[in-house]
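What you see is a predicted model, and the numbers here were worked out from it, not measured in a lab. Order of appearance sets the numbers: ligands from 1, and atoms from 1 within every ligand.
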Amino acid sequence: MLPALRRDPLHAFMDAAVRFGDVAFFKIGSRRGYLITNPSDVRHVLQDNARNYRKSPLYQKLRASLGDGLLTSEGAFWLRQRRIAQPAFHRQRIETLAGVMADAAAETAAHWETLAAQRHPVEIGNEMMRLTRTVVLRSLLGGDLGPYAATIDAAWATINQQIAESFWSLGITDWLPTPRKRRFHAARAVLHGAVDHLIAERRRHESETPDLLSMLIAARDEETGESMTDLQIRVEVTTFLLAGQETTALALTWLWYLLSQHESPRRRLAEELDDVLRGRRPEYSDLANLPYTRMVIDETMRLYPPAWGFSRQALEDDRLGGYELPRGWLAFVIPYVLHRLPAYWEDAEQFEPDRFSPERSADRAKFVYVPFGAGPRQCIGNHFALIEMLLVVATLAQRFSLRLVPGHRVEPNALITLRPRFGMPMYIERRSGRT
Ligand code: HEM
């Protein structure tokens, strides 16, 4: 399957699921594994028997590039890091961060007034990336990137591209010093510089309210009393900076695209926002009254899950869907595929937010919709991301309507995250009252 996966992983996995059903055997170079698409098998691997699985060796590239942080570490070390970070993501804590999120969205809205007047196409992916990065920086890491702010976007794009392109490589050419690799190392230096700047600033000025960064710096090992090394703090900050901005920005980018293509959901969303907010800025307490906004977000992440696929490796022999899964084999969980299986989703390819209404969701298998993963390794930032997306959509869709540049080709590109292959240039237009 290696050539097919390198060429077009979304198609290769989708095709296997449709042709072979719940369990499809994959041979990838010297590795073997199953694509699993039955929700009960997904539940077994991610949750019920999660102890028998580790993140697959395919994450090795990510680990080698960014260091071993919460996203990639395992066992007792992972658990310790997760416990240190967890308080920063408690619901009540996130409630207090809603103001920071709404402020950042309002700043983007002010900037969009200017862009709308200019009538030039704008790369919406960049807009969303800047917005979500501002939110992570201000709410979790309490700072700005100083001299690195201007170069970080290009650096991350280079890193993402390089890791993704070498994802399925077998390591044969990994040591060759190619120009691409030199670009990668330069990009990584920018990222490290930015993160070290954040940590150094924090050590100089303690923050008034404890945030994720202060928790990482203050953490002490229960047994040894030792604090984290600067290197480990850097790895964790890098992990959060990247995991927290990229996925959320992509979900929002796909959301603007889908809305631009579907008039009726666009109108219903605008009506809900007009009725509930009446032109004012959204607050945390408004979010429970915006059910349609939430459905639009859920439906966007169904069709375009930013974390489109992940994988595990069995520590001991297991059985999946009646088949032996020998120790060392992989299990692929691919939200992009699960979210489009005709057996579980009516008109699976259609954008239809109403399918997430409480009535229509009532008897849906839980593990067939997993944009944030599931089980102990579920996304630590899922609630944070949902609140942020609700506030951003409520702020921006109230005032603006986005139109794709006519004729622009839109296609998902499955790198580590699911990006629009040719970008997402759009016109930002002011909404005049009810549309
Ligand atoms: C729409 C936005 C987001 C999506 C779709 C998303 C998706 C995911 C998924 C699928 C995983 C699990 C991967 C696996 O099991 O292999 C994950 C893990 C993680 N996410 Fe997110 N994420 C989002 C936002 C965020 C935010 C805002 C943060 C932090 C500010 C964050 C931080 C993390 C971390 C640290 C992990 C690793 C957790 C662990 O293994 O203990 N994510 N995310």
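- Looking at Phe372 against ligand 1, both its backbone and its side chain come within 4.0 Å, counting heavy atoms.
- By the 4.5 Å heavy-atom criterion applied to side chains, Trp329 and Glu324 are not counted as neighbours.
- Which parts of ligand 1 touch Ala385 is read off a 4.0 Å heavy-atom cut-off, strictly below it: atoms 2 (C), 24 (C).
- Within the structure, no pair that satisfies the ring pair (Phe, Tyr, Trp, His ring centres under 6.0 Å) test touches residues 191-230, not counting sequence neighbours.
- Electrostatic pairing of Glu271 and Arg268 does not count as a salt bridge here, judged by no charged N lying under 4.0 Å from a carboxylate O.
- Residue contact check for ligand 1: Arg312 places a non-hydrogen atom closer than 4.0 Å to it.
- A salt bridge is absent between Arg312 and Asp318; no separation between the charged side-chain nitrogens and carboxylate oxygens falls under 4.0 Å.
- For ligand 1, the polar-atom distance check finds no N/O of Thr248 at less than 3.5 Å from any of the ligand's N/O atoms.
- Atoms of ligand 1 lying under 4.0 Å from at least one heavy atom of Pro371, given by number and element, are 5 (C), 7 (C), 10 (C).
- For Trp78, a nitrogen or oxygen atom sits less than 3.5 Å from a nitrogen or oxygen atom of ligand 1, counting backbone and side chain alike.
- Judged by distance alone, the side chain of Arg302 and the main-chain N or O of Ala348 form a donor-acceptor pair under 3.5 Å.
- For ligand 1, the atoms lying closer than 4.0 Å to a non-hydrogen atom of Gly373 are 10 (C).
- Contacts between Glu388 and ligand 1, counted as non-hydrogen atom pairs separated by less than 4.0 Å, are absent for every part of the residue.
- Every atom of ligand 1 is numbered from 1 in the order shown, and the set under 4.0 Å from a heavy atom of Phe240 is 29 (C), 35 (C).
- One finds no salt bridge joining Glu74 and Arg54 here, because no Lys/Arg side-chain nitrogen approaches an Asp/Glu carboxylate oxygen to under 4.0 Å.
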